[in-house]
Amino acid sequence: MQLGRMNHVGVAVPDIEEAIAFYRNVMGADDVTEPFDLPEQGVRVCFVNTPNGGTQVELLSPLSDQSPVAGFLARNPAGGQHHICFEVPDIAAARSEFEAMGKRILGPTRIGAHGTPIFFVHPKDMQGQLTEIMETPKGEH
Ligand SMILES: CC[C@@H](C(=O)O)C(=O)SCCNC(=O)CCNC(=O)[C@H](O)C(C)(C)COP(=O)(O)OP(=O)(O)OC[C@H]1O[C@@H](n2cnc3c(N)ncnc32)[C@H](O)[C@@H]1OP(=O)(O)O
Ligand SMILES: [Co+2]
């Protein structure tokens, strides 16, 4: 496994509009994308872009009680850091390598919010940190 660029930090929030206002008004963010629904992932999502193409903050709110973010918010009602996401050049190769290391992969490889394939690795196998692995968008290698 070759560690790639940190693409984003996922932050679970109970109210995405309120979180956007926080990043704009308190943190001085001037580039926040419009929120959109990703029903396949069970979340509503938007990105806070940091300057110079830096790591994004991914704001996540649940679309239903079945959302993977819903359990987290039940345990952390104010929200908080939910996952970190690292890029890899080849998602299938990365998945095989994690499997060979005995890491628990959560569900199938899916298309994520950046339009490239992603999968998640269980926090208990990753130093307590839910970890998203994402294929680098084409043209950014
Ligand atoms: C926007 C789309 C996409 C992108 O393109 O970026 C996304 O990021 S989608 C993000 C949301 N999707 C996911 O999180 C998918 C993967 N997640 C899951 O499968 C589940 O959320 C989970 C990680 C298996 C947790 O399920 P849950 O039912 O909430 O909890 P458990 O009871 O199974 O928890 C077991 C254990 O793990 C601890 N835990 C849970 N979540 C986290 C977390 N986010 N970070 C760290 N630790 C976590 C939980 O506290 C339990 O610990 P113990 O009590 O000690 O057993
Ligand atoms: Co994510």
Side-chain angles (χ1 to χ4, degrees), residues 1-24 26-141:
M1 174 65 197
Q2 175 72 51
L3 182 66
R5 174 179 180 269
M6 187 191 287
N7 182 277
H8 64 265
V9 176
V11 175
V13 299
D15 182 332
I16 203 162
E17 295 298 341
E18 201 224 304
I20 290 169
F22 168 86
Y23 275 93
R24 285 206 175 113
V26 178
M27 299 301 289
D30 58 9
D31 186 3
V32 184
T33 69
E34 279 300 311
F36 60 98
D37 292 350
L38 271 181
E40 209 191 26
Q41 310 282 351
V43 294
R44 185 162 175 79
V45 59
C46 76
F47 290 99
V48 180
N49 291 312
T50 65
N52 305 317
T55 298
Q56 296 171 307
V57 178
E58 180 181 77
L59 301 176
L60 299 161
S61 62
L63 285 177
S64 75
D65 290 348
Q66 277 68 54
S67 168
V69 176
F72 182 91
L73 283 173
R75 291 188 292 271
N76 306 278
Q81 186 186 318
H82 180 260
H83 66 269
I84 48 176
C85 174
F86 295 102
E87 295 180 12
V88 294
D90 181 337
I91 198 81
R95 190 175 175 115
S96 297
E97 288 178 49
F98 277 105
E99 281 169 349
M101 288 187 278
K103 305 296 182 193
R104 282 168 287 178
I105 295 177
L106 298 161
T109 299
R110 293 198 167 111
I111 299 300
H114 296 80
T116 71
I118 62 167
F119 64 82
F120 286 85
V121 191
H122 200 287
K124 296 293 182 190
D125 293 345
M126 298 298 284
Q127 306 282 303
Q129 181 68 69
L130 176 60
T131 303
E132 177 182 344
I133 303 296
M134 165 188 160
E135 189 162 277
T136 304
K138 295 276 176 271
E140 294 184 20
H141 289 285

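Since this is a predicted model, take the numbers as computed values, not measurements. Both counts, for ligands and for their atoms, begin at 1 and track the order of listing.
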Discussion item. Applying side chain to side chain contact (heavy atoms under 4.5 Å, CB included), can you list everything that pairs with Pro68, at least two apart in sequence or on another chain?
Written reply: none
Worksheet item: For atom 26 (O) of ligand 1, is some protein heavy-atom partner under 4.0 Å away?
Response: no
Worksheet item: How about Glu58 and His82: do any of their side-chain heavy atoms sit closer than 4.5 Å?
Response: no
Worksheet entry | Residue portion contacting ligand 1 (non-hydrogen atoms closer than 4.0 Å) for Met134 | neither
Worksheet item: Which distance, rounded to the nearest 0.5 Å, do you find between the CG of Leu73 and the OG of Ser67?
Response: 8.0 Å
Practice prompt. Could you count the protein N, O or S atoms found under 2.8 Å away from the Co ion (ligand 2)?
Written response: 4
Practice prompt. State whether a side-chain donor-acceptor pair under 3.5 Å links Arg95 with Thr109.
Written response: yes
Worksheet item: Is there a protein heavy atom at a distance of less than 4.0 Å from atom 33 (O) of ligand 1?
Response: no
Worksheet item: Looking at atom 21 (O) of ligand 1, is any protein heavy atom nearer than 4.0 Å to it?
Response: yes
Worksheet item: To which protein heavy atom is atom 12 (N) of ligand 1 closest, and what is the distance rounded to 0.1 Å?
Response: Pro68 CG, 3.3 Å
Discussion item. Distance under 4.0 Å to a non-hydrogen atom of Val43: what atoms of ligand 1 satisfy this?
Written reply: 1 (C)
Practice prompt. Answer with side chain, backbone, both or neither: which part of His114 has a heavy atom less than 4.0 angstrom from an atom of ligand 1?
Written response: neither
Worksheet, complete the sentence: Taking only non-hydrogen atoms of Ala113 and a 4.0 Å limit, the atoms of ligand 1 in range are 1 (C), 4 (C), 5 (O)
